[in-house]
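Notes follow once the structure below has been shown.
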Number of protein chains: 4
Amino acid sequence: MARTIGSHGPKTLEAIRKAGVRLIYEHGYEAMSLRQLAAEVGIQAGSLYNHISTKQDLLFDLVQDHINDLLRQLDLALEGKTDPVEKLRIFVGFHVSYHMTRKRETFIANSELRSLEPKNYEVVVALRGAYEGRLTQILADGVAEGAFEVVDIQIATFAILALLTGPCSWYRPGGRLTKEAILAAHEKLVLSGVGAAQTATGEVREASNRPHSALAGERP
Amino acid sequence: MARTIGSHGPKTLEAIRKAGVRLIYEHGYEAMSLRQLAAEVGIQAGSLYNHISTKQDLLFDLVQDHINDLLRQLDLALEGKTDPVEKLRIFVGFHVSYHMTRKRETFIANSELRSLEPKNYEVVVALRGAYEGRLTQILADGVAEGAFEVVDIQIATFAILALLTGPCSWYRPGGRLTKEAILAAHEKLVLSGVGAAQTATGEVREASNRPHSALAGERP
Amino acid sequence: MARTIGSHGPKTLEAIRKAGVRLIYEHGYEAMSLRQLAAEVGIQAGSLYNHISTKQDLLFDLVQDHINDLLRQLDLALEGKTDPVEKLRIFVGFHVSYHMTRKRETFIANSELRSLEPKNYEVVVALRGAYEGRLTQILADGVAEGAFEVVDIQIATFAILALLTGPCSWYRPGGRLTKEAILAAHEKLVLSGVGAAQTATGEVREASNRPHSALAGERP
Amino acid sequence: MARTIGSHGPKTLEAIRKAGVRLIYEHGYEAMSLRQLAAEVGIQAGSLYNHISTKQDLLFDLVQDHINDLLRQLDLALEGKTDPVEKLRIFVGFHVSYHMTRKRETFIANSELRSLEPKNYEVVVALRGAYEGRLTQILADGVAEGAFEVVDIQIATFAILALLTGPCSWYRPGGRLTKEAILAAHEKLVLSGVGAAQTATGEVREASNRPHSALAGERP
DNA sequence: AATGAATGAGCTTTCATTCAT
DNA sequence: TATGAATGAAAGCTCATTCAT
């Protein structure tokens, strides 16, 4: 049978990764079958092995690449900044934006770690630790400077990350809540939560004047 | 062959549920095999069907029972309270305590919904919506009274829940962080986050004086 | 749980046999499960074993009893008759009537022999051979007397039995075709088929004057 | 492990169908396991699914193909004929020959319809109805022309089919009874049975002069 | 780089049967 | 005599992976 035009070489790998992200996001790694994935890409299951080595490796690559990218871009965004409050605001903005833009990759990187083989798991957890460490450091600096007031830096780190990652599981583009509103709301929550003075940055205050009554959510 | 004494009737079901919770927590619903589960309980795989109707139903029952219990106990804890700030503090306390105590059930109820069949999924999502609704209402009341200040009530609901549910994925009994410390930290984060005046409840301020430097987490 | 009143002792066995006949007729022996059977009777699967020894034995008993009964009643009907033509007519009448009345048992005795264990199979086949032998003998006598004209007695035996047993797979009480019409039609077919002079028995000729146009059958 | 040479592609499917026919004929559809079937073909059970979609579909295909073939060849044999008596004789000859040649397929098509899923069952029954309709039409034409005399055309259709299909359950190649003898005997039975004048076709009369005494059958 | 056919292990579920109560 | 819980085998089917072509 003639093969589908346009799925040669590296393009096929990209198609596999893309379909993989979607299928893992939708069904979970365990529940996704390589036959499904192959069908999505338009090839036979066996042909996948011209592009990936194992199903496990596909997951590992997707997760690892995601976190590496996350870390690289975060460092880019923070480059040259010194004020803890500004850095925290940048962190919040970056994290929320990035997670809403690539919610599927994020979701996978958070919820499918369990399916990683021990060796792969450790690699990924180390990377994740580095990313978390950036936030911990910001908080520690801020507390040292007296800019933040938190009960426990470790807890605060986890809590803020949990809070900021939340939207990636309910955000729907085109819904009632715009990215900007979500970002503003989380920025306020975090900065208030750590006791940062926010008076200087007028936008937050302004944002809080928007209507906020709607009880109907957009979760599916 | 003689069967193991002491594993009859309802006891067996309870053992199945208990082992089920643990295995699903550890490997995920899809990755848990009924052979594994049966072995854990000490019976043959086929014998499971004297107690459950399908694997799917086991998951559904576990999740549904968990959320029902959660809702019932929350309402018990909130009974008779009227002040939004007090109610929010109770909500935070209840949620965090409950989730740390039954972290496995909570984890399952959060992360395995994807594995529920559509009909079961809808039932559970409706229950979860009722639980979330309690928090939404508290926030709405507080905003109406001027006690809270939030950008968007819906976002705040999701954010607070994400934040509060976080510990169940990293809390380890016996670790550096006690339940009390975690609870206090989250209470402060939430109340500060929504702009509630906390001066009246001295404990929170006090708690913030504890050391908080440790950067090493207890995530696995 | 209290047991259903009216299903004690021999009554239960009778209920099992009755339900067994129906279920085997509907689904086949292999496809009928003892759980199904037990449910039909209103007891638990394990309780069946107070009344039957094995599933195989239930089938064997049903088939054996059926053929024994068939043989006994045939001999009763033929008792004292000597004229081959009359005996053949009696055989046809008896066989068709009996099979339409107990079509399920007949069906089972014909189509589930395959499921009998070798030893049981042989017993039943011997019984069936005895029944077939009655017809063979009638035909042989008739041929010897010059009353019948058949190509091969053995073939004629099989053919007549196949022909006469047919109705039990399509007869529906209350349908267009009455038992009497079916009986008359088969009597004529058989007697004509073996070349028996039928002029003496006016009814057959008469019956042939009835309308016979309907092409629409009553098979389900 | 190297796979058996010579069992690739369509050959494997043909082997599966062939073995399937034999196993279903011997044990029945329900009693045949796919592991058995696969072993017969020389592959693993799972490999069957490279060639069939389900066990049910295998049965359906076998039965459907058989009846389609039957119908096609019957129409070929009857092509251009107009005389009802000749057509009936052709029908008898074709049916008996075909069924003795492909007795296993025929047996399955008759006795395993019960195992077809409702949708498949209906398709097959419709096809079977078409085949039966050919005979019904021949009889109706013959009756209209005064060539046949039957009590009821519908009954006669069923009866003749039952009679003619009989041999496929007891015929053994190489036994005492040759195909020709069986054919002649059934031709005579049917033509006599419907009251067709047979004097014109000398062979039938002749055939009836053969010995016909053997009481011992060749049923297994 | 793709295919189609194969493997062997695994899955959930059903089954006839047993047996202490 | 009935029950409920157990067994151990087997069922149909899916899976990730391999490999000759």
Side-chain angles (χ1 to χ4, degrees), chain A residues 1-4 7-9 11-13 30-38 41-56, chain B residues 1-5 7-13 30-38 42-56, chain C residues 1-4 7-9 12 30-38 42-56 58, chain D residues 1-5 7-13 30-38 42-56:
Chain A
M1 194 171 296
R3 69 188 83 143
T4 309
S7 65
H8 312 310
K11 277 182 195 165
T12 306
L13 175 56
E30 296 276 357
M32 173 194 72
S33 89
L34 291 190
R35 276 168 173 79
Q36 244 183 312
L37 176 58
V41 176
I43 60 178
Q44 293 301 114
S47 306
L48 290 172
Y49 287 84
N50 290 318
H51 307 276
I52 66 174
S53 54
T54 63
K55 188 188 180 190
Q56 168 72 203
Chain B
M1 195 168 295
R3 71 191 80 143
T4 309
I5 292 173
S7 65
H8 309 316
K11 277 183 199 164
T12 306
L13 175 56
E30 297 274 357
M32 172 195 72
S33 90
L34 292 189
R35 276 172 171 79
Q36 246 183 310
L37 176 57
I43 58 179
Q44 293 298 114
S47 304
L48 290 172
Y49 287 83
N50 288 320
H51 306 278
I52 66 173
S53 53
T54 62
K55 189 188 180 190
Q56 167 73 201
Chain C
M1 194 172 294
R3 69 187 84 143
T4 309
S7 66
H8 312 311
T12 306
E30 297 275 357
M32 173 195 73
S33 89
L34 291 191
R35 277 169 172 80
Q36 243 183 312
L37 177 58
I43 59 179
Q44 293 301 114
S47 306
L48 289 172
Y49 288 83
N50 289 320
H51 307 276
I52 66 174
S53 53
T54 64
K55 189 188 179 190
Q56 168 72 202
L58 173 61
Chain D
M1 194 169 294
R3 69 191 81 144
T4 308
I5 293 173
S7 65
H8 309 316
K11 277 182 196 164
T12 306
L13 176 56
E30 297 274 357
M32 173 194 73
S33 90
L34 292 189
R35 276 168 172 81
Q36 243 184 312
L37 176 57
I43 59 178
Q44 295 298 117
S47 304
L48 290 172
Y49 288 84
N50 288 320
H51 307 278
I52 65 174
S53 53
T54 62
K55 189 188 180 192
Q56 167 74 202

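Chain identifiers are assigned alphabetically (A, B, ...) following the order of the sequence lines, protein sequences preceding nucleic acid strands; residue numbering begins at 1 within each chain.
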Can you give me the dot-bracket string for DNA chain F, 5' to 3', counting Watson-Crick and G-U wobble pairs with both distances under 3.5 Å, using [ ] for crossing pairs and | for partners on another strand? .||||||||||||||||||||

Is there a side-chain polar atom (N or O) of A/His51 under 4.0 Å from OP1 or OP2 of E/dA2? yes

From [atom1] of [X] over to [atom2] of [N], roughly how many Å is that when rounded to an integer?
| X | N | atom1 | atom2 | value |
| --- | --- | --- | --- | --- |
| B/Leu37 | E/dG10 | CG | C1' | 16 Å |
| D/Lys11 | E/dG4 | NZ | C1' | 15 Å |
| D/Asn50 | F/dC13 | CG | P | 14 Å |

For the backbone of B/Ser33 and the side chain of B/Lys55, can you confirm whether one donor and one acceptor N or O come within less than 3.5 Å of each other? no

Which heavy atom of [X] sits nearest a heavy atom of [Y], and at what distance?
| X | Y | result |
| --- | --- | --- |
| C/Thr54 | C/Tyr49 | CA-CE2, 4.3 Å |
| D/Ala31 | D/Gln36 | O-OE1, 3.7 Å |
| A/Arg35 | A/Ala45 | CG-CB, 4.0 Å |

Atom pair [atom1]/[atom2] of [X] and [Y] - distance to nearest 0.5 Å:
| X | Y | atom1 | atom2 | answer |
| --- | --- | --- | --- | --- |
| B/Thr12 | B/Leu48 | OG1 | CG | 10.0 Å |
| A/Leu37 | A/Ile43 | CG | CD1 | 7.5 Å |
| A/Leu13 | A/Ile52 | CG | CD1 | 9.0 Å |

Residue mapping more 5' on DNA chain E - nearest nucleotide basis, A/Gln44 or D/Leu48: A/Gln44

Produce the list of close N/O pairs, under 3.5 Å, pairing protein atoms with atoms of nucleotides 12-16 of chain E; give distances to one decimal.
from	atom 1	to	atom 2	distance (Å)
E/dT12	OP1	B/Met32	O	3.3
E/dT12	OP1	B/Lys55	NZ	2.9
E/dT12	OP2	B/Leu34	N	2.8
E/dT12	O4	B/Arg35	NH1	3.4
E/dT12	O4	B/Arg35	NH2	3.4
E/dT13	OP2	B/Tyr49	OH	2.3
E/dT13	OP2	B/Lys55	N	3.0
E/dT13	O5'	B/Tyr49	OH	2.8
E/dA16	OP1	C/Met32	O	3.2
E/dA16	OP1	C/Lys55	NZ	2.9
E/dA16	OP2	C/Leu34	N	2.7
E/dA16	N7	C/Arg35	NH1	3.0
E/dA16	N6	C/Arg35	NH2	3.3

